[in-house]
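In what follows, a structure is listed as structure tokens, so that the remarks can point back to it.
Just so we're clear, the structure is a prediction, and the values are computed from it rather than from any experiment.
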Amino acid sequence: MILNFFQRVYAVVQRIPSGNVATYGLIADLIGTKDARRVGHALHANPDSSKTPCHRVVFSDGRLAPGYAFGGPEEQRRKLESEGVSFLPNDRVILSLHLWDPT
DNA sequence: CAAGTGACAATAA
DNA sequence: TTTATTGCCACTT
């Protein structure tokens, strides 16, 4: 059973360990595509938030997604902090400190 | 079938 | 450093 693009995105997102974050571009690269946009669409179409921690996926700049589907960017920021992720005054995640290393 | 839209990223100014 | 523009590709209308 081959996995759909969306399911593949979900699989990678679920692989992100707590306290780390991944960028759309990174996920796209892991899957084998360059289109980070599709990754965004996949997460927006995300059927189960508790199953797919899309809150750990951020922009390449470290900023949170504009249309977070679970209660707004505030909720997302709160969850990330709860997992041990630190933020800069700019509302940006410290990617250099929390960016997931897929190794 | 064609055009428009979008949870992005890279480049230019 | 921030804002604007362009490119990519899939999905919706």
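- Going from atom CZ of F5(A) over to atom P of dG6(B) covers 19 Å, rounded to whole Å.
- Picking from dT2(C), dA7(B), dA9(B) the nucleotide with the shortest atom distance to the side chain of C54(A) gives dA7(B).
- Side-chain atoms of R92(A) lie closest to dT2(C) of the nucleotides dA7(B), dT2(C), dC11(C).
- Between the C1' atom of dA7(B) and the CG atom of D91(A) lies a distance of 16 Å, rounded to the nearest Å.
- Atoms CD and CD, from Q14(A) and Q7(A) in turn, are 10.0 Å apart once rounded to the nearest 0.5 Å.
- Atom CD in E74(A) sits roughly 17 Å away from atom C1' in dA7(B) (whole-Å rounding).
- The shortest heavy-atom contact between S60(A) and T23(A) is CA-CG2, 3.8 Å.
- As rounded to whole Å, 6 Å separates atom P of dT2(C) from atom CG of N90(A).
- Nearest heavy-atom pair across A65(A) and F59(A) is CA-CE1, 4.1 Å.
- Whole-Å rounding puts the L26(A) CG to dA10(B) C1' distance at 16 Å.
- Rounding to whole angstrom units, CD1 of residue I16(A) and C1' of dA7(B) are separated by 14 Å.
- Minimum interatomic distance between T33(A) and R38(A) (heavy atoms only, all atoms of both residues): OG1-NH1, 4.0 Å.
- Rounded to whole angstrom, the span from the NE2 atom of H44(A) across to the P atom of dA7(B) amounts to 6 Å.
- Residues H41(A) and R37(A) each lie close to DNA chain C; by heavy-atom proximity, the contact nearer the 5' end of the strand is made by R37(A).
- Atom CZ of R56(A) is separated from atom P of dA7(B) by 22 Å (rounded to the nearest Å).
- Residue A36(A) is in sugar-phosphate contact alone, with no base atom involved, counting any heavy-atom pair closer than 4.0 Å across all strands shown.
- The two residues V58(A) and L95(A) make their nearest non-hydrogen contact at CG2-CD2, 4.0 Å.
- A sub-4.0 Å separation between OP1 or OP2 of dA10(C) and a side-chain N or O of R38(A) is present.
- Residue contacts shown for Y24(A) include a base, since a base heavy atom lies under 4.0 Å away.
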